[in-house]
Structure formats: structure tokens, C-alpha cells
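Note: hydrogens, waters and symmetry copies are ignored here, and every other heavy atom, side chains too, is used. In what follows, chains are A, B, ... by sequence order, proteins preceding strands, each numbered from 1.
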2 protein chains.
Amino acid sequence: MALNEIMRPALAASHFRAACSNCDLRELCLPIDLTDDEMQRLEMLSHHKSNFPAGGYLYRSGDHFKSLYAIRSGSFKTRILHDDGREQVTGFLMAGEIIGLDAISTDTHTCEAVAMEASEVCELPFAKLEALSREIPSLQRHLYKIMSHEIVRDQGIMLLLGSMRAEERLAAFLLNLSQRNAVHGMPPTRFTLRMSRLEIGSYLGMKLETVSRTLSHFQEEGLIRVKARAIEILALSRLREVMEKP
Amino acid sequence: MALNEIMRPALAASHFRAACSNCDLRELCLPIDLTDDEMQRLEMLSHHKSNFPAGGYLYRSGDHFKSLYAIRSGSFKTRILHDDGREQVTGFLMAGEIIGLDAISTDTHTCEAVAMEASEVCELPFAKLEALSREIPSLQRHLYKIMSHEIVRDQGIMLLLGSMRAEERLAAFLLNLSQRNAVHGMPPTRFTLRMSRLEIGSYLGMKLETVSRTLSHFQEEGLIRVKARAIEILALSRLREVMEKP
DNA sequence: CGGCTATTTTGACATATATCAAGCCAATCC
DNA sequence: GGATTGGCTTGATATATGTCAAAATAGCCG
């Protein structure tokens with residue numbers, strides 16, 4: 001497995017051009033291959049779109065599971081809350097990605113999803129999706145793939161949390177974000193972080209001070225430029241090396 | 001989310017009584033509700049069973065994905081291998097559990113599965129499973145649930161790796177193993193570890209010495225008795241407290 | 001049973017990261 | 001414009017865990 005695909009493989013993001021009611025679902029998280037007719041039937045079930053302000057909840061822990069959501073614009077974080085109060089950010093989701101996969105097994109959401117900025121989602125009622133997928137084999141296969149994809153991604157993060165050092169984690173994170181911000185397959189060298197140091201730390205299993213220090217360190221080394229939430233990647237290949245250093 | 005369900009929720013294990021060709025698939029990882037007729041059709045596609053000696057590979061990284069496997073007896077570990085040589089154990093799978101879910105998104109296995117003892121599996125050809133699930137809605141739903149379940153489990157491990165200390169991780173691990181060794185819903189107080197300290201360490205993101213030390217420490221505290229791979233849980237509730245200590 | 005190897009335990013020490021504590025900067029509000 | 005707020009950076013120190021090394025134990029094979 002390639003290290004630069006750890007956080008979320010390249011396919012997942014960015015090509016999805018949502019227009020809801022007429023959502024272009026052709027690139028729903030992963031490329032999907034449907035006939036025009038099938039496409040139309042898929043689009044019919046994704047009528048409902050909603051807007052969320054920064055900080056708004058898409059769903060909360062314990063909510064009844066009804067739908068998956070395709071993020072049309074903006075970004076979300078998902079987090080788990082413990083009985084004992086601990087919390088952990090389990091994912092950052094951006095435009096073009098599917099959110100809500102955790103809940104299928106329980107009919108109840110196990111984590112909560114919060115908008116990190118003003119965002120728009122397309123609702124995909126799961127029961128309908130399921131029914132339709134029974135009639136359209138390639139849609140069914142697609143759903144399986146999306147879920148399996150999520151499993152692979154999570155296992156990548158397990159790897160990262162279990163056996164990489166702070167520097168490597170952060171390098172992997174930055175490279176991944178850059179990929180997911182890609183516009184036409186082109187990862188930008190400049191982009192802005194949508195999340196705080198605290199949230200990054202929670203996601204990567206380190207304290208916010210360590211995140212900050214490590215970013216500063218990368219800057220001293222000439223790998224990146226960082227000013228608050230604006231990031232510029234100066235030495236992509238050297239950043240990759242940092243990530244892969246055993 | 002309850003901490004004692006972190007590693008693998010209780011439902012996943014133990015009730016599955018496999019008999020292959022006539023595999024009892026009624027408890028396939030999660031409880032499943034099918035008519036006799038549907039059950040028969042499901043069983044028809046799971047003819048093939050195979051045996052593996054300790055150390056045998058069920059599949060390797062890069063193998064073409066064809067089937068899921070229901071573990072009939074024994075146990076497996078799954079591990080990811082890096083380009084740079086690092087490896088991480090991503091799961092321990094026991095009798096009654098489904099293995100192979102990682103590979104659906106890529107048609108290629110992203111990790112490898114190795115038997116930790118002499119083991120027997122039931123092969124479930126995925127294409128057939130998929131086709132059949134198109135005709136049996138509750139089977140389809142079941143497959144989605146199994147996969148979602150795996151996602152939830154992985155996220156629990158992310159939580160564990162990202163925000164728990166060595167003691168807490170190991171306590172969670174022991175409690176989880178005990179649950180999954182449950183015979184009729186009854187978790188045993190005595191059981192034997194099927195994996196080495198090194199493997200446990202890899203899975204939990206700590207070094208084998210730390211695993212050993214922490215076990216010894218639990219023993220000094222009177223929480224468990226440990227002799228090589230034989231474990232006895234002496235103070236279940238106090239062990240739970242260790243796990244939940246923030 | 002005895003010897004052999006791999007695994008496990010234990011110890012002393014090193015180090016990455018957490019913790020605690022200021023200070024800084026940028027946005028927001030009167 | 002000055003004050004207030006929340007996030008970010010930086011420093012000094014503490015601590016959990018990693019590292020290296022040796023001894024003890026368990027499992028295995030002849």
C-alpha cells in the first residue's frame with residue numbers, strides 16, 4: 001500500500017460536481033458507470049438538498065439512520081464521543097465525498113458530523129438506494145466499493161496512528177489534504193486548512209502543541225510555508241520523504 | 001459508544017456454528033433473518049471449505065479478490081505491509097467472523113491474512129453473494145451491515161490508538177478478546193492468547209516490551225493472572241475501570 | 001528427559017511527545 | 001481605536017513509552 005494513499009485514496013475526491021435535484025452523481029465518491037436511464041433513476045432519489053452553517057450538525061450521535069449524504073460543497077468533520085467524555089475526530093470530509101457510512105450496521109449514528117464551514121449536502125435516502133441497487137447491479141457493486149473503500153482508508157489511519165511518528169503523520173496528512181483539494185487532478189501547492197490545530201491533533205492522535213511545533217519545524221526545514229491556516233507546500237518530494245522515513 | 005465495544009462489538013462473534021457445505025450461516029458475523037428457502041440458496045454457494053496450518057496464508061497482499069471467507073475454526077491475523085517495510089497487524093479474526101472485506105473496493109487484497117493456528121474457512125464467492133443479495137433484500141442489507149460494522153470497529157480502534165494510553169489499550173484488548181471467546185454469550189475468565197506479544201504490540205501500536213510490562217503490571221495489581229499465553233481475568237470490573245480511566 | 005530456539009520478562013537508560021505556562025497574533029466588538 | 005476573545009506559537013519541564021541488553025521461561029525435537 002502506498003503511503004501517500006493512507007489517509008484517503010486519490011479516487012475519492014474532487015471530481016464530483018454536485019447540482020442536486022440534478023446532482024451529477026456520476027462521480028459519487030468513486031467513479032461509477034451507469035447508463036443514462038439508470039443515472040436518471042438514481043438522480044430521482046436524491047432530490048433533497050440542505051445547507052448547513054459552520055458548526056451545524058448534519059447528524060448527531062444516536063440519531064436514527066436514514067440517509068447517506070453526498071457533500072456538495074464545504075466540509076465536515078466526524079467525531080466519536082465516549083461515555084467518559086473523550087472525543088476523537090474520526091474524519092474530515094470534503095466536497096464530493098460520501099458521509100454517513102458508519103451508521104448502517106446499527107440503524108443509529110455512532111458518531112456525529114459537524115460542518116466546518118458553510119456547507120451543502122445532497123441527501124441519499126438509504127432505503128431507496130438499497131432498493132434501486134437491487135435493480136442496478138453496478139450501483140450495488142458501487143455501494144459495496146464505497147464501503148470497502150472506507151474500510152481500507154480507516155485501516156490506513158490505524159497504520160498511521162499505530163506506527164508512525166508525529167512528523168510522519170502530519171506530513172501524510174498535509175499531502176493527503178492537498179490531493180483532496182485537487183481541482184482537475186492537479187493538487188494545489190497552496191490551500192487553506194479548514195480545521196483547527198486541536199482538530200488536526202485529535203484526528204492524528206497528538207496534542208495541538210505538537211501539531212503546531214511540527215508545522216513550524218517543517219517550515220524551518222523549508223518544506224512548507226504556514227501562516228495560521230494557509231499552507232503552501234514548497235518541497236513536495238521532500239515532504240513525501242519525511243512521511244516515508246522509517 | 002461504549003468503550004468495551006471498541007475492539008469489536010459483541011454481536012460479531014461466537015455464535016456462528018460452521019459446518020460448511022452445510023455451514024450454518026444463520027449467524028454470519030451478525031444475526032441474519034432468512035426464510036428456510038433463502039437460507040438454502042445461501043448455503044448452496046458456500047460449498048468450498050479449506051484448511052490452513054498455523055502460518056498459512058489465506059490470501060496475500062495483491063491477490064485478486066474473489067471471495068469473502070467465514071472462519072469456521074481457528075483464527076487469523078490480517079496485516080498491512082508498507083512499501084518501506086513497516087508492517088502493522090490490522091486485525092485478529094476468530095471463528096464466526098468474516099474476513100476479506102478490505103478488498104472489495106479494489107478487486108485486489110490490500111492486506112494479507114495469516115492463520116495463527118490450524119484453521120478452517122468457508123469460502124463465499126463474492127460475485128455469487130452479490131447476485132443472490134439482489135434477490136434477497138435481507139441478505140443485501142446484511143452485507144451492508146457487516147461492512148458498516150467493520151467501519152465502526154475500525155473507528156473504535158482509531159479512537160484507541162489516537163487517544164488511549166498503553167494500559168487502557170491493553171485492558172480494552174483483553175476484555176474484547178474475552179468477549180469474543182464467549183461460548184454461549186458467557187465470556188470465559190480463562191482463555192489463551194493466540195498471538196505473540198509482538199503481534200499484540202503491532203495491533204495496539206506499542207512495543208512488545210511495553211505489552212509485556214503492562215501485563216505484568218496488571219498482574220501485580222491483581223487484575224489478571226498471566227502465564228505466557230494463558231490469561232485469567234481476576235477482576236473484570238476493575239479491568240474495565242482501567243480501560244475507562246481518562 | 002535434556003538441550004535448543006524462540007518468546008517473554010525485566011532492567012537501565014534514551015527520547016518523543018505531553019503538560020503546563022506565557023506570550024503573540026488576528027479577528028471581532030463596542 | 002482599544003479592548004476582548006480564541007486560536008496559535010514557543011519555551012521549560014515531566015512522563016510515558018521506546019530502545020538496547022541480558023536473563024528467565026516456555027515450547028519443541030530428538
Whole angstrom value for the distance that separates [atom2] of [N] from [atom1] of [X]:
{"X": "R197(A)", "N": "dC25(C)", "atom1": "CZ", "atom2": "P", "answer": "15 Å"}
{"X": "I231(B)", "N": "dT8(C)", "atom1": "CD1", "atom2": "C1'", "answer": "12 Å"}
{"X": "L193(B)", "N": "dT7(C)", "atom1": "CG", "atom2": "P", "answer": "15 Å"}
{"X": "M195(B)", "N": "dA6(C)", "atom1": "CE", "atom2": "C1'", "answer": "18 Å"}

Requested in this report: Please tell me which of K227(A) and E167(A) maps to the more 5' nucleotide of DNA chain C, matching each residue to the nucleotide holding its nearest heavy atom.
Outcome: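 On the 5' side of the pair lies E167(A).
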Requested in this report: Please say whether more than 12 non-hydrogen atoms of neighbouring residues, nucleotides or ligands are located less than 6.0 Å from CZ in R229(B).
Outcome: yes
Report task. Give, ordered by number, those residues of residues 205-218 of chain B having at least one heavy-atom distance below 4.0 Å to an atom of DNA chain C; if nothing qualifies, reply none. Result ->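 The answer is L208(B), E209(B), S212(B), R213(B), S216(B).
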Query raised in the report: Between K66(A) and E123(A), is the closest basic N to carboxylate O distance under 4.0 Å?
Result: yes
Query raised in the report: Does R165(A) come within less than 4.0 Å of E168(A), counting only side-chain N to carboxylate O?
Result: yes
Query raised in the report: Do S67(A) side-chain atoms and Y69(A) backbone N/O form a donor-acceptor pair below 3.5 Å?
Result: no
Query raised in the report: Using the ring of each side chain (for Trp, its six-membered ring), is F65(B) parallel, tilted or perpendicular to H109(B), with breaks at 30° and 60°?
Result: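 Ring orientation of F65(B) relative to H109(B): perpendicular.
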Report task. Please step through salt bridge (Lys or Arg N to Asp or Glu O under 4.0 Å) for the pair R60(B) and E112(B), ending with a clear verdict. Result -> CA-CA 4 Å; R60(B) 291 171 190 265; E112(B) 42 188 50; 5.4 Å; no
Query - DNA chain D: 5'-most and 3'-most nucleotides touching chain A, 4.0 angstrom heavy-atom criterion - result: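 Nucleotide range in contact with chain A: dG7(D) to dA12(D).
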